[in-house]
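Residues: numbered from 1 along the sequence shown.
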Amino acid sequence: MTETTLPDGVGWTSLLTAYARAQEQDRPDATFPDPWASLLVRAALAAPDDRLPRLGPARDDGGSVLWDMFVAYFGAGRTPFFDDQVRAGLDAGAEQVVVLASGMDGRVVRLDVPDGVRVFEVDTQPVHAFKDSVLAAADADVDRRVPVVADLREDWRAALVEAGFRPGRPTVWTVEGLLMYLPPDAADRLLRDAVEISGPGSRFAVEYFRRIPEPDSIPLADEGERHAIRTILGLFEAGPEGDPASFLGRAGIRAETVTEVPDELRRHGRPVPEVIDVDHTPDPIRIWLAAGVS
Ligand SMILES: C[S@@+](CC[C@H](N)C(=O)[O-])C[C@H]1O[C@@H](n2cnc3c(N)ncnc32)[C@H](O)[C@@H]1O
């Protein structure tokens with residue numbers, strides 16, 4: 001068991017997505033493997049057993065509308081889309097990958113990243129400190145992983161270049177689980193800066209909400225869930241303005257694919273939680289996934 005300090009605030013949300021991925025990879029019909037997710041979650045919870053204790057709203061007993069929605073959304077609803085986009089970028093010749101707001105992301109080991117391609121993971125210091133320490137204690141293969149500490153609301157490009165990123169070279173960028181924590185101008189700036197530093201022919205995959213959900217639009221099971229949803233929604237900013245294609249277009253990216261989490265769940269033969277299903281809820285939370293090339 002590793003002695004570590006858990007990230008808090010927005011950094012803590014990265015443990016929730018890792019928890020969802022840990023549950024997804026335990027399914028017989030898992031849509032992806034994630035060798036790091038349960039390692040990181042177990043370390044966070046100091047959990048030696050098969051069954052994971054709760055983490056905020058996270059649980060593995062199927063007894064929570066909120067968590068069932070999160071696990072579908074973060075698991076089959078979102079992760080394979082980004083995996084596919086990284087593969088497409090690498091197939092098209094990308095020489096480097098940048099995972100913005102990487103959290104506990106395990107793509108660097110999950111995907112078959114070619115020799116010589118490095119995966120830059122940009123996130124805050126407490127998130128990297130926790131992840132570095134757990135991966136080191138487990139002697140995990142981190143050869144291609146390059147952690148970069150930066151605040152993505154500021155100018156983060158110098159830190160990326162200092163870490164070995166090569167400006168002007170074709171790159172795959174993922175922006176998963178981040179834009180809801182940024183105001184509109186910071187979201188636009190982030191994408192423009194990424195386009196500018198990597199040059200034409202780079203691939204970008206992004207996720208964002210149409211609107212911030214109302215806390216009472218989701219039935220909550222208990223005080224733990226109420227606390228979690230208050231924490232999560234309290235961190236939300238407005239995110240990007242406009243539809244996904246215009247958000248990408250403002251940064252000079254030609255949109256190739258625009259989809260939504262329910263469509264991705266259906267594509268994988270998974271049920272769609274009612275709170276994000278247009279057929280069940282008149283004004284559901286809509287979560288877009290979009291990708292394109294600069
Ligand atoms: C919901 S988690 C998503 C993590 C990862 N992309 C995933 O899908 O598992 C949100 C992540 O965004 C990071 N984050 C939020 N605001 C940030 C900022 N201004 N600068 C750097 N990282 C930020 C948090 O530290 C956290 O790791």
Side-chain angles (χ1 to χ4, degrees), residues 14 17 21 32-36 78-125 127-128 131-132 135-136 140-179 182 186-207 247-248 251-257 289-294:
S14 67
T17 45
R21 292 194 185 112
F32 55 86
D34 193 333
W36 285 356
R78 176 172 102 175
T79 299
F81 173 85
F82 283 91
D83 286 355
D84 289 347
Q85 292 301 325
V86 174
R87 285 192 196 97
L90 291 172
D91 288 349
E95 297 172 8
Q96 46 198 356
V97 179
V98 182
V99 181
L100 294 172
S102 47
M104 304 301 141
D105 190 87
R107 259 175 206 117
V108 62
V109 285
R110 175 162 72 242
L111 303 183
D112 195 14
V113 178
D115 284 342
V117 171
R118 289 200 287 169
V119 179
F120 297 90
E121 296 189 350
V122 188
D123 211 297
T124 56
Q125 194 278 336
V127 167
H128 279 314
K131 189 174 181 180
D132 293 350
L135 295 178
D141 172 9
V142 289
D143 277 0
R144 292 172 198 181
R145 170 177 178 258
V146 185
V148 180
V149 171
D151 185 332
L152 292 162
R153 293 165 301 186
E154 313 285 335
D155 191 351
W156 41 272
R157 291 174 297 177
L160 188 62
V161 171
E162 201 171 307
F165 177 88
R166 288 177 301 146
R169 305 304 305 164
T171 305
V172 193
W173 298 81
T174 65
V175 190
E176 181 183 21
L178 170 69
L179 295 172
L182 300 182
D188 275 7
R189 193 170 55 243
L190 178 84
L191 221 50
R192 272 201 317 269
D193 286 352
V195 168
E196 199 180 288
I197 201 173
S198 54
S202 291
R203 176 165 288 272
F204 296 80
V206 305
E207 172 217 9
F247 170 55
L248 294 178
I253 301 164
R254 187 172 30 86
E256 284 186 346
T257 309
L289 304 169
V293 176
S294 60

Contacts of type salt bridge (Lys or Arg N to Asp or Glu O under 4.0 Å), residue R145, not counting sequence neighbours:
E121, D132

Would the distance check show the side chain of R189 and the main-chain N or O of R153 forming a donor-acceptor pair, the cut-off being under 3.5 Å?
yes

Strictly distance-based, threshold 3.5 Å: is any side-chain N or O of E176 a donor or acceptor partner for the main-chain N or O of F82?
no

Contact summary for D141 and W36, nearest pair of heavy atoms:
O-CZ2, 3.5 Å

First locate atom CG of L152, then atom OG1 of T124, and finally report the distance between them rounded to the nearest 0.5 Å.
9.0 Å

Would you tell me whether Q85 and R203 have side-chain atoms, one donor and one acceptor, within less than 3.5 Å of each other?
yes

Could you measure the distance from the CZ atom of R107 to the CG atom of D83? Nearest 0.5 Å is fine.
4.5 Å

K131 side-chain N/O to D105 backbone N/O, donor-acceptor pair under 3.5 Å:
yes

Any sub-3.5 Å donor-acceptor pair from S202's side-chain atoms to T171's backbone N or O?
yes

Candidate pair R118 and Q96, rule side chain to side chain contact (heavy atoms under 4.5 Å, CB included), full reasoning:
CA-CA 5 Å; R118 289 200 287 169; Q96 46 198 356; 5.7 Å; no

Can you tell me if D34 uses its side chain to pair, donor with acceptor, with the backbone of R21 under 3.5 Å?
no

Return the minimal non-hydrogen interatomic distance between P170 and G201, and the atom names on each side.
CB-O, 4.1 Å

Charged N-O contact under 4.0 Å between R157 and E196
yes

Tell me, which pairs form a ring pair (Phe, Tyr, Trp, His ring centres under 6.0 Å) where one or both residues lie in residues 142-161, sequence neighbours left out?
W156-W173

Just how far is it from atom CZ of R110 to atom CZ of F32, taken to the nearest 0.5 Å?
5.5 Å

Please report the interatomic distance CG(L178) to OG(S102), rounded to the nearest 0.5 Å.
10.0 Å

Can you name the nearest heavy-atom pair linking R78 to T17, along with the distance?
NH2-CG2, 3.3 Å

Considering residues at least two apart in sequence or located in another chain, which fulfil the side chain to side chain contact (heavy atoms under 4.5 Å, CB included) criterion with P114?
L90, V117

Count the heavy atoms belonging to other residues, nucleotides or ligands that lie under 6.0 Å from CG of D91, then report whether that count exceeds 12.
yes

Give a yes or no on whether a salt bridge exists between D115 and R144, defined as a side-chain N under 4.0 angstrom from a carboxylate O.
yes

Once rounded to the nearest 0.5 Å, what's the spacing between atom CZ of F204 and atom CD of E256?
12.0 Å

Using every non-hydrogen atom in the two residues, find where V122 and A150 come nearest and quote the distance to one decimal.
CG1-CB, 3.9 Å

One should read off an interatomic distance between L100 CG and L160 CG, to the nearest 0.5 angstrom, of 8.0 Å

Audit row: V195, I253, side chain to side chain contact (heavy atoms under 4.5 Å, CB included) steps and yes/no:
CA-CA 8 Å; V195 168; I253 301 164; 3.6 Å; yes

